[in-house]
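Working notes for the structure below.
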Protein chains: 2
Amino acid sequence: MGKKAPTISDIAKLANVSIATVSRVLNNTNYPVKKEVREKVLKIAKELNYKPNIFSKMLKGGMSREIGVIIPSITNPFYAQLISAVEKECINRDYVPIVCSSYNSSKLEKKHLDMLLQKQVAGMLISTINTSKTFLKSLSSYNMKFVLFDQNYEDLEYDSVSFDFYKSSYLAVEYLIKCGHKDIAFLTAPIDRKSRKMIYKGYKQALRDNGLRFNRKRVVISSIKDMEFQGEREYENGKKLVKMLLKSETLPDAIVAINDMTAIGIIKELMSNKIDVPNDISVIGFDNISIGEMINPSLTTMHQPAYKTGTLAAKMLLDRIEGKEIENNKIILQPTLIERNSVKKIHIKLRR
Amino acid sequence: MGKKAPTISDIAKLANVSIATVSRVLNNTNYPVKKEVREKVLKIAKELNYKPNIFSKMLKGGMSREIGVIIPSITNPFYAQLISAVEKECINRDYVPIVCSSYNSSKLEKKHLDMLLQKQVAGMLISTINTSKTFLKSLSSYNMKFVLFDQNYEDLEYDSVSFDFYKSSYLAVEYLIKCGHKDIAFLTAPIDRKSRKMIYKGYKQALRDNGLRFNRKRVVISSIKDMEFQGEREYENGKKLVKMLLKSETLPDAIVAINDMTAIGIIKELMSNKIDVPNDISVIGFDNISIGEMINPSLTTMHQPAYKTGTLAAKMLLDRIEGKEIENNKIILQPTLIERNSVKKIHIKLRR
DNA sequence: AAACACACAGTAAACGTTTTCTTTATAATA
DNA sequence: TATTATAAAGAAAACGTTTACTGTGTGTTT
C-alpha cells in the first residue's frame, strides 16, 4: 500500500545480476542469457509483480502503443459503433485508443490534435470536418501516421476509409422514385462537409436522371451551430426542419433526410402533426443506426457500415504502423439499401 | 518533416543559457530568472514550437494528467452520455480521459485495469459489475485514486456517485399501480449486479406494500452471456423476453423492464405480435435514454441522470486528485418519473 | 599451440526532464 | 569595511530503461 513500484534494478539486486541482464531477459531479446539466470530473473520479476515503467521505455525512443482517435461526438450512435470496432481492433493488437470528441469545433479539434501529438501516439484515426488540403497537409507534416475515415477523401494522397455518399444518395432517391414518389424534398443540416455535399449532389443528379425537376424550394437547410450533444441535436434539428417545411403551401411526397438521427426527428414531428409516415409522407435516411429498426415505423435507410469502417480503418493504421504491406490504402465502402417501413410503395413497379 | 522534436537543451544552446534555466523559465517556477533571459528563452521556445516531452517529465515523478475510465460499453447510449460529461469535465481541467469498455468481461476489465495502472494515470472512474469487497479492496491497495459510479456502493468506504435504484424501482411500480395496473410483470436480464438486485427488491416491496401478491411466475429472466454490443443486445433481449412471456397462459397488465433499451425491445416485439402498447400492455423502463422520447409510443421511464453522474464523478475525482476539500464523497442521486405514452391510465385516480 | 568465434555477463552512456547543490556577483546590513 | 543575504546562473545527479561497448571464459578451427 503506497510502496514504490519495483524497478529493474530491484530485480537485478535480488537476482545478483546486472540490470542489463534483467532487461535482456524481460524483453526476450535473442541476446544469450543462461537458462538458470533467465528463469531466476523471471521468477523474481513475477514475485515482485514487476511492471515496466513505460515512461522510461518511451524516453529511450520506444514506440507508444496509443492510438489517437478524433470524431465529432461519442454521443452519436454511429460513432459509438465505429469506436467500439476501433477499440476492439486496438485491444486485440495491444494498443489503446484515446478517443476525443471535437463536437465540430475546430478549436477543440486543434487542442486534441496538439495533445495527441505531444503524447507521441503511435498513430491517429481522424474524422474531421476540415477536409481542406492545407489542413491535411499540415497534419501530415508532423511525421505522424494517420488514416482518415468516414468523410470522402478519395481525391487525396492519404490513407483513408471512406464511403460512397454520392452513390448512396443517388440510390436512395432512385428508390423513392421507383416507389412512385415524384415530389421529393431534401432536409438537411448545413452542407458544410464533403459527405453532405456528395449527398446533395447525388440527390440532384438522381432527380434529373429520372426526369424530375430539381426544385430549390424543396431543399430545407437548418443552421445548427453548437453541436454539444450531436445525437440529440440532430434529432431536434429534424423536428425543426419539419416546422420549416410545414410553412410551404404544399407538402412533398417523400423526404430525404441528411442522416438517420435527423430522419427520426422528422418522423416524430410529422406524426405529432398528424401527418402519417409513410402513408402521407415517406422518409428515408442515411447511416442505418440501430435505433432505426427500433422506432415505429421502422426507418428505411441507406446502410453505412460504421463497424466495418472502424475495423478497416484501425487495421489499416496498425498495419501501417507495424510496417506491414497494405494492399489498398483508399478503401471506399459501398452503400446498401435497408428497406423498412418508412417509405410507401405507391406503384408496385419495383423490380428486385 | 521528420525532424526530431526540439528539446530543452536545443533551447538552452540557442539562448546561451543552461538547461536548468530553461526548465525554470518554462515551468514558471518562482526561482529568480532575469527578465531578459526569461523573455529570450520564451521567445526561442515559441519559435521552435517546443513541446515538453511528457515521458521524461513523468519519469521524474511528475503527475500524469490521464484519467482512466472503465464502463461496460460505449455502445450503450446511457454510458455514451455519461462519458460525454466526463470528457467535458476532464478537458476543461486539462486532463484527458482514457475510456475502456469491459463488455461485462472481468478478464477484459482486469486487462484494462492493469494497463491503466501501468500508465500511472492520475485517477480512475470505475463502473464495474464486480462489486465484491475483496475486489474493491484490491483496487484500493494500489495507491490509486478512484471514484466508483453508476452502481450502488453506499455501504462502502470509497468515493462514489451512485443512484437510488431501489427507490426508483419502487416509484415505478407504485406509479403503475396508481394507474390502475394490478398484474405487473418484471422482465430482466440476469440479476448479476447490485443495481439490478435493488431494482428487483424495489419491485417486490412496492407490490407488497400496495396489497398485491408477488408472483414469481411474473418475473422473466433471460440469460445473455456475450455482451459484445451491449446496446443492441439489450434490445434483442427485450424481444426475447417477450417471446418467453407469451408462453404463459395470461398476459400481464403492465411490464417493468430492467432498462430502457430492453423496454424498447419489449415494445417492439409486443407491437409486432399485435399487442398494443399501452392499450393492451403498459411498459415502463429505467434510465431515460434519449431514444425513449423518439420512439412511438414514447417511453415512460425513471430518469437516471447519466450526464450528471458523469459530471459529478469526474469533479469528485479531480478534486480528490488536486487535494481539494470534498464535502460529500458518497453522492446518491435520486430518481424522477418521466411520464410519457407507454403506460395507460386505467383509473384517473392519479394525484399530482 | 595459436587464433578465433561465441556464449555470457557487466559497465556505462543515453533518452529529456527536474531539482539539489554549488558558485558568483551584487546589494544590504552591521 | 567586513559580513551577510540574495539574485542569478550553471553543474550534475537522478528518474528507469535500453543498448553499445568491454571483458571474460570455453570450445573450435587451423
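Here the structure is a predicted model, which means the values were calculated and not measured. Numbered from 1 within each chain, the chains take letters A, B, ... in sequence-line order.
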Give a yes or no on whether A:K308 atom NZ has more than 12 heavy-atom contacts from other residues, nucleotides or ligands under 6.0 Å away. no
Say you draw a straight line from CD1 of A:I74 to CD of B:E87; how long is it, rounded to the nearest 0.5 Å? 8.0 Å
Side chain of B:K57 only, please: which of D:dA11, C:dT17, D:dT17 is the nearest? C:dT17
Could you check how far CG of A:L59 sits from C1' of D:dT17, rounded to whole Å? 8 Å
When the nearest nucleotide of DNA chain D is assigned to A:A20 and to A:F55 on a heavy-atom basis, which residue is associated with the more 5' position? A:F55
Across the strands shown, which category fits A:T7 at heavy-atom distances under 4.0 angstrom: base, sugar-phosphate, nothing? sugar-phosphate
Could you list the donor-acceptor pairs under 3.5 angstrom formed between side-chain atoms of residues 9-31 of chain A and any protein atom two or more places apart in sequence or on another chain?
{"from": "A:S9", "atom 1": "OG", "to": "A:T7", "atom 2": "OG1", "distance (Å)": "3.0"}
{"from": "A:D10", "atom 1": "OD2", "to": "A:T7", "atom 2": "N", "distance (Å)": "2.8"}
{"from": "A:S18", "atom 1": "OG", "to": "A:A20", "atom 2": "N", "distance (Å)": "3.4"}
{"from": "A:S18", "atom 1": "OG", "to": "A:T21", "atom 2": "N", "distance (Å)": "3.3"}
{"from": "A:S18", "atom 1": "OG", "to": "A:T21", "atom 2": "OG1", "distance (Å)": "3.3"}
{"from": "A:T29", "atom 1": "OG1", "to": "A:Y31", "atom 2": "N", "distance (Å)": "3.4"}

Heavy-atom distance under 4.5 Å between the side chains of A:L42 and A:K46, does that happen here? no
Among residues at least two apart in sequence or on other chains, which ones pass salt bridge (charged side-chain N to carboxylate O under 4.0 Å, His left out) with B:K111? none
Check the distance between C:dT17's C1' and B:K13's NZ and give it to me in whole angstrom. 15 Å
Within this structure, what is the CD1-to-P distance between A:I11 and D:dT18, rounded to whole angstrom? 11 Å
For D:dC15, does OP1 or OP2 lie under 4.0 Å from any side-chain N or O of A:S56? no
Could you state the atom-to-atom distance from CE of B:M63 to C1' of C:dT17 in whole Å? 17 Å
Against the side chain of A:K60, the closest entry in D:dT17, C:dT18, D:dC15 is D:dT17
Pair A:E109-A:T128, side-chain donor/acceptor within less than 3.5 Å: yes
Output the distance between atom CE (A:M316) and atom CD1 (A:I326), rounded to the nearest 0.5 Å. 6.5 Å
OP1 or OP2 of C:dA9 versus the side-chain N and O atoms of A:T21: is any pair under 4.0 Å? no
So, does B:S18 get its side chain near the phosphate of D:dG10, meaning an N or O under 4.0 Å from OP1 or OP2? yes
Strand contacts (DNA chain C) in residues 27-46 of chain A, 4.0 angstrom heavy-atom criterion: A:Y31, A:P32, A:V33, A:K34, A:V37
Of the candidate nucleotides C:dT19, D:dG16, C:dG10, which contains the atom at the shortest distance from the side chain of B:R24? C:dT19
Sugar-phosphate, base or nothing in reach of A:D10, heavy atoms under 4.0 Å: nothing
